[in-house]
Participant: 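Can you keep this structure in mind? I'll have questions shortly.
Starting from 1, each residue takes its place in the sequence as its number.
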Amino acid sequence: MNTTAAKSYLPWVVATALFMEQLDSTIVNTAIPSMAASLQVTPLSLKAVVTSYILSLAVSIPISGWMADRFGTRRVFMSAVTIFTVASVLCGLSVNSPMLVAARLLQGLGAAMMMPVGRLTIVRTFPKSELLAAMNFVIIPALIGPLLGPTVGGLIVHWLTWRDIFFVNVPVGVVAIFLAHRYMPDYRGDGERPLDLVGLVLFGTGVALLSWLLEVFGEHQIDVTSAAVLLFIACSLLAAYVWHARDAAFPLLQLALFKIRTFRVSVIGGFITRIGIGGLPFLLPLLYQLGLGLPAWQSGLLMMPSAAAAMGMKFISVRVLGRFGYRQVLTVNTVLIGLTISMYSFVQQGTPLHLIVMISLCLGFFNSLQFSAMNSIAYADVESADSSMASTMASSMQQLSMSFGLATGSLITGWFLGDLPQSNRVALTGALHHAFLTLAVLTILSSLTFWSLREQDGESISKGAPA
């Protein structure tokens, strides 16, 4: 396929897969209370259904770049979509919580190959001067997933059962496989880079243990001493990986890329920011359904304004970044996101719905600009030969931060709820309010990381200027 054809069709290929993934995640969040009732567990305990998926993403993404270089982007992408679709069917057939979590782990494995490989193909196909517009084009159709997800999920849960929400992925997956087979370029690496098995074990084990620790500690299933020991082991494994990667000829994650200022700020700053944002998709349905007593379908409708505003921002984000620059946009916009998150601490029974809708619109608007900026500046000064590794590292840290965000939000909510039952609407609403305020403060503090950017950083993308 020639370059012109690839540029025409590739964004649609990647957008279709992202649409399926985003649709799935937002549907699942809306259905958590119904799943909990059906499986006879507490809603907060079902965060494992969400965190296991993101944990699987974080652990599996590091090998996605290696697989794409070894087997080709088209083959890996099509295999990933197939795995994701099959795992969706298994989720719908689950009869208990452990089976559902296992199927979600398999789903995460498929998604781990879809996102970074799709992003890598975009980066290799488009020059930097066209990269921001191309990424925004990919995200606009993909945002239809969050737009439809809560509403479709709420309607399905209301009229059918929560099991049926997973079968929505099947027709979308079939379309994505067809488009990838016909239109996706097949890029491969220049040489056969061996897989860093030692690094994969050290990094994967450390990340998995750390995420699991956050989950069980949030459920108060482990004492402080045991948690401290496991935390020390997890941090030791990650430190051992850093030590290993310094001398490895072909490390799993090339830490030398952090010497590039724009990449370092994008990944580290984005990591902290996403911890604050990452808990919202799980906490908001709990606030709407359990705190305010709204039905699932109405809770889903309240999630729609955020996605609609995000789509609208994509049409102007290129001009905003070109006018004000990455440093100013990321610093100010991060503070605005934190302030918007804090507004949810005032939402309670009796709050007018139009005010909730306004908060949701602001959140979607600011989040969309934030993700466009953070995702694109990561590649501003990265050489083409390192694009595969950069995509792998950025995607891995992105998903890990979202996992931490979910665990942190749930941990704070459980902490303030204490021994009170989750059926206590007033107590649960108060605990959720504390969680929103904590996440808001963390998000505002993360804006400090973007001060280290320079005024001209990212102009190779926002203005097409030489790096």
Participant: Side chain of R74, backbone of P185: donor and acceptor closer than 3.5 Å?
Facilitator: no
Participant: So, taking the atom named CG in N367 and the one named CD1 in I341, what distance separates them when rounded to the nearest 0.5 Å?
Facilitator: 7.0 Å
Participant: Find out whether L109 and L106 are in side-chain contact, i.e. whether some heavy atom of one side chain is under 4.5 Å from a heavy atom of the other.
Facilitator: yes
Participant: So, for A17 and F77, which heavy atoms are closest and what is the spacing to 0.1 Å?
Facilitator: CB-CZ, 3.5 Å
Participant: List the atom of F366, the atom of N333, and the distance in Å for their closest heavy-atom pair.
Facilitator: O-ND2, 2.8 Å
Participant: I would like to know whether F258 and F263 meet side-chain contact (heavy atoms from CB on, under 4.5 Å); could you show each step before the answer?
Facilitator: CA-CA 6 Å; F258 282 110; F263 181 81; 4.3 Å; yes
Participant: Mind checking the OG-CG spacing from S56 to L105? Nearest 0.5 Å is all I need.
Facilitator: 5.0 Å
Participant: Can you tell if the side chain of P251 reaches within under 4.5 Å of the side chain of H244, non-hydrogen atoms only?
Facilitator: no
Participant: Measuring from atom CG of L292 to atom CG of L353, what distance do you get when rounded to the nearest 0.5 angstrom?
Facilitator: 8.5 Å
Participant: Just by modelled atom types, is the I122 backbone N or O under 3.5 Å from a matching donor or acceptor in the T125 side chain?
Facilitator: no
Participant: Should D196 and V198 be marked as a side-chain contact (heavy atoms from CB on, under 4.5 Å) after you check the CA-CA gap, both sets of side-chain angles, and the distance that decides it?
Facilitator: CA-CA 6 Å; D196 181 14; V198 175; 4.1 Å; yes
Participant: Can R75 and D69 be counted as an ion pair, charged N to O under 4.0 angstrom?
Facilitator: no
Participant: Which pair of non-hydrogen atoms, one from Q254 and one from M393, has the smallest distance, and what is that distance?
Facilitator: O-SD, 3.3 Å
Participant: First locate atom CZ of F84, then atom CD of Q107, and finally report the distance between them rounded to the nearest 0.5 Å.
Facilitator: 4.5 Å
Participant: Less than 3.5 Å apart, any donor N or O on the side chain of S266 or Y379 sitting next to an acceptor on the other?
Facilitator: no
Participant: Answer yes or no: is there a donor N or O on one side and an acceptor on the other, between the side chain of T443 and the main chain of L439, under 3.5 Å?
Facilitator: yes
Participant: List the atom of S317, the atom of S372, and the distance in Å for their closest heavy-atom pair.
Facilitator: OG-OG, 4.0 Å
Participant: Could you tell me the separation between the CG atom of L120 and the OG atom of S64, rounded to the nearest 0.5 Å?
Facilitator: 8.0 Å
Participant: Within a strict 4.5 Å, meaning less than it, do heavy atoms of the F436 and S342 side chains meet?
Facilitator: no
Participant: Go through L257 and M389 one step at a time and tell me if the side-chain contact (heavy atoms from CB on, under 4.5 Å) criterion holds.
Facilitator: CA-CA 9 Å; L257 287 177; M389 181 61 70; 3.7 Å; yes
Participant: If we check side chain to side chain contact (heavy atoms under 4.5 Å, CB included) with Y344, which of these qualifies: L437, L363, L283?
Facilitator: L363
Participant: Considering non-hydrogen atoms only, spot the tightest contact between A80 and M113 and give its length.
Facilitator: CB-CB, 3.2 Å
Participant: Sub-3.5 Å donor-acceptor pair from the side chain of H433 to the main-chain atoms of V347, do we have one?
Facilitator: yes
Participant: State whether a side-chain donor-acceptor pair under 3.5 Å links Q370 with T334.
Facilitator: yes
Participant: Which heavy atom of L90 sits nearest a heavy atom of M99, and at what distance?
Facilitator: O-CE, 4.5 Å
Participant: If I take atom CD1 from residue I177 and atom OG1 from residue T85, how far apart are they, to the nearest 0.5 angstrom?
Facilitator: 5.0 Å
Participant: Using only atom types and a distance under 3.5 Å, with no angle test, would you say the side chain of S401 pairs donor to acceptor with the backbone of R274?
Facilitator: no
Participant: Taking atom CZ of F365 as the centre, report whether more than 12 heavy atoms of other residues, nucleotides or ligands fall under 6.0 Å from it.
Facilitator: no
Participant: Aromatic rings F71 and W66: how do their planes relate, parallel, tilted or perpendicular, breaks at 30° and 60°?
Facilitator: perpendicular
Participant: Set out, in order, the CA-CA distance, both residues' side-chain angles and the distance that settles side-chain contact (heavy atoms from CB on, under 4.5 Å) for L428 and F416, then state yes or no.
Facilitator: CA-CA 9 Å; L428 179 61; F416 282 103; over 6 Å; no
